[in-house]
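Here is the structure we will look at.
The shown structure was predicted, so the numbers you read here are calculated from the model rather than taken from an experiment. Whatever order the structure lists them in is the order used to number ligands and atoms, beginning at 1.
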Amino acid sequence: MTKISVEIQAVALFPVVAAALIDDAGRVLVQQRPPGKQMAGLWEFPGGKLEPGETPEAALVRELDEELGIVVDPAALRPATFASELLGDRSLLLLLYLCRSWSGDPVALDAVAVRWVTLAEMRTLDMPPADAPFIAALERMI
Ligand SMILES: Nc1nc2c([nH]c(=O)n2[C@@H]2O[C@H](COP(=O)(O)OP(=O)(O)OP(=O)(O)O)[C@@H](O)[C@H]2O)c(=O)[nH]1
């Protein structure tokens with residue numbers, strides 16, 4: 001009988017929430033990561049890590065306020081898709097939501113800049129590897 005040995009390596013699960021804010025023209029907001037951070041200069045969806053005890057929706061409402069200065073009703077967040085990616089010894093679980101309504105004008109409070117882009121323009125941007133499949137998913141949903 002052949003023995004199969006499976007090596008189990010413990011990884012820390014690292015949940016992150018992000019939003020595709022969609023305007024009336026069907027464009028999506030992306031923001032540029034600041035220098036000095038991991039993946040600096042790349043364009044990403046606004047969002048971030050969950051704090052202990054937070055629901056994903058509460059975390060995303062908080063991040064959108066902190067990063068863009070907008071107010072979002074958690075009921076306006078629609079689960080869209082997710083990505084799972086190993087980042088070093090951590091397992092990134094990136095949850096993407098769609099959001100079509102908010103109060104306030106988004107401004108870059110944390111990022112270098114924010115941009116509204118079509119999905120065709122998004123394909124030309126440098127984004128984190130985990131985000132690549134999101135563009136095709138958004139093309140089916142927007
Ligand atoms: N917000 C956001 N994060 C993303 C995306 N794609 C992706 O791989 N990430 C990763 O998810 C993590 C988000 O963490 P974060 O934004 O809260 O934290 P950070 O690295 O900016 O640093 P921080 O610890 O100072 O908050 C980062 O490792 C980031 O590279 C995305 O589209 N949006």
In terms of atom number and element, which parts of ligand 1 are under 4.0 angstrom from non-hydrogen atoms of Gly47? 1 (N)
Counting from 1, what ligand 1 atoms have a heavy atom of Met39 closer than 4.0 Å? 30 (O)
Has the side chain of [X] got a donor or acceptor atom that lies under 3.5 Å from a matching backbone atom of [Y]?
| X | Y | result |
| --- | --- | --- |
| Asp23 | Arg27 | yes |
| Arg33 | Gln38 | yes |
| Gln32 | Gly41 | yes |
| Glu67 | Gly47 | yes |

Does an N or O anywhere in [X] fall below 3.5 Å from an N or O of ligand 1?
| X | value |
| --- | --- |
| Arg90 | no |
| Asp131 | yes |
| Leu87 | no |
| Lys49 | yes |

For Glu57 against Pro74, the heavy-atom pair lying closest together: CB-CB, 4.4 Å
Counting non-hydrogen protein atoms only, what is the nearest one to [atom]? Give residue, atom name and distance.
| atom | value |
| --- | --- |
| atom 21 (O) of ligand 1 | Lys37 NZ, 2.7 Å |
| atom 28 (O) of ligand 1 | Gln38 OE1, 3.1 Å |
| atom 10 (C) of ligand 1 | Leu92 CD2, 4.3 Å |
| atom 4 (C) of ligand 1 | Glu44 OE1, 3.7 Å |
| atom 1 (N) of ligand 1 | Phe45 O, 3.1 Å |
| atom 27 (C) of ligand 1 | Arg33 NH2, 4.0 Å |

Quick one, Glu63 with Lys49, criterion salt bridge (charged side-chain N to carboxylate O under 4.0 Å, His left out). Give me CA distance, side-chain angles, the key distance, then yes/no. CA-CA 9 Å; Glu63 290 283 354; Lys49 302 179 194 92; over 6 Å; no
Path from Val17 to Trp102 over hydrophobic side-chain contacts below 4.5 Å: yes
Looking at Arg123 and Glu139, is there a salt bridge between them, counting it only when a charged N and a carboxylate O are closer than 4.0 Å? yes
Does Leu94 approach ligand 1 within less than 4.0 angstrom via side chain, backbone, both or neither, non-hydrogen atoms only? side chain
Please report the interatomic distance CG(Leu138) to CZ(Phe45), rounded to the nearest 0.5 Å. 5.0 Å
Is ligand 1 less than 4.0 angstrom away from at least one heavy atom of Phe134? no
Measuring from non-hydrogen atoms of Met127 to any atom of ligand 1, is the shortest distance under 4.0 Å? no
Side chain to side chain contact (heavy atoms under 4.5 Å, CB included) assessment of Val28 paired with Leu21: CA-CA 5 Å; Val28 177; Leu21 297 179; 5.9 Å; no
